[in-house]
Visitor: 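Would you mind keeping the following structure in view while I ask a few things?
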Amino acid sequence: MAEKQQDNEVEIEEEFFRRRRARSYAIAAILLGLVVLFYVVTIVKLGPGILDRPF
Amino acid sequence: MSDTSVDISGETTAASGFGEVADYFALLKPRVMSLVVFTALVGLVVAPGSMHPIMAFTSLLCIAIGAGASGALNMWYESDIDAKMSRTAGRPIPSGRISRQEALAFAMPLAIGSVLVLGTLVNWVAAALLAFTILFYVLVYTVWLKRITPQNIVIGGAAGALPPVVGWAAATGTVSLESLVLFAIIFIWTPPHFWALALYRSGDYARAGIPMMPVVAGEKSTKKQMLIYAALLAPIGVLPWMMGFAGIIYGVLSGILGLVFLGFAWRVFVSDTGKSTTVAARRLFTCSLFYLFLIFAILLGEQVFGLETMTVGF
């Protein structure tokens, strides 16, 4: 009985970590998407002027 | 697998950290979000001038996320009444897959972030309108009106009607009379759409204590008001053509669609109480979804194919 309960707890813990990992990947993908979006919009807004700046 | 418990108030409480990515996505009300994105896209495309596709994509993304955040905040605040209605009991919070705190922590950064990104990357007029839309939906509709007045969806409908105005503002940086006409179409469309749903779900709303029109004023009064709104919607739907920012194809089709909508509202009005009303209300609800989609799709189609300047006789 105790063994079965322990198995169940391990299963729940594994599921918890699986879901947390999936959420972490989703957050990473969103942050990466945001970085790409800001980069692309910067290029679009500055256009050819991106190379025309004082050093 | 949702490890849930029931607290003393009878509300289901979720175990922290068990939400799936799909549950968080469901918090954004993706179906509502798709309609918001579509109407905002039309506002953006119909607006005069041109917009870089990347900027248009950015605008729509921010509007979609802002709308999703509003939906999540709505679910956070309304989890108690969602649990009492069969239509909403399976949502992530009442079903115990996500806790209220998690939903709030998820929604707030999205709401603030969508406004800041839209303002920074596109323009601040559109960002201010998006912020107003989110605040109006959450504070005015969800927190204030929904539980106290049968006019909840009439006034609250303004939030759902604003996306094309936000789209127009994203493209032009201004709010114009034309964008307000698009607002008016959705605003007048909202009461018969939601009251049709409320007519065949009135038991649900009564159980949850939400004063929807059929629950408070009764079926007969609701049907009469729906007919009035449908009669107002028919001419308002044709206004884009009359004001010259839509072509004759839109003018004719929007007129026909308005009459069809009015016909379905009439069928509800003359239906007997009971099953007959349920059937007629379900049909009107489906018709209303098609009406709004087609009205905006025709506007979009005319712009895409350059037919908006077409007049009678060519």
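Order of the sequence lines sets the chain letters (A, B, ...), proteins ahead of strands, with each chain counted from 1.
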Visitor: Quick check for you: to the nearest 0.5 Å, what is the distance between B:I54 atom CD1 and A:K45 atom NZ?
Guide: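 B:I54 CD1 to A:K45 NZ: 13.0 Å, rounded to 0.5 Å.
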Visitor: Any side-chain heavy atom of A:Y25 sitting closer than 4.5 Å to one from B:V21?
Guide: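 Answer no - side chains too far apart.
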Visitor: Which distance, rounded to the nearest 0.5 Å, do you find between the CG of A:L34 and the CG of B:L61?
Guide: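 The CG atom of B:L61 is 8.5 Å from CG of A:L34, to the nearest 0.5 Å.
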Visitor: So what's closer than 4.5 Å to chain B heavy atoms on A:A26: side chain, backbone, both or neither?
Guide: side chain
Visitor: Please name the pair of heavy atoms, one in A:R19 and one in B:F18, separated by the smallest distance, quoted to 0.1 Å.
Guide: NH1-O, 2.6 Å
Visitor: Is any side-chain N of the basic residue among A:R18 and B:E20 closer than 4.0 Å to the acidic one's carboxylate O?
Guide: yes
Visitor: Can you tell me how far CG of B:L121 sits from OG1 of A:T42, rounded to the nearest 0.5 angstrom?
Guide: 7.5 Å
Visitor: Highest number of heavy-atom pairs under 4.5 Å with chain B: which of A:I27, A:V40, A:V44?
Guide: A:V44
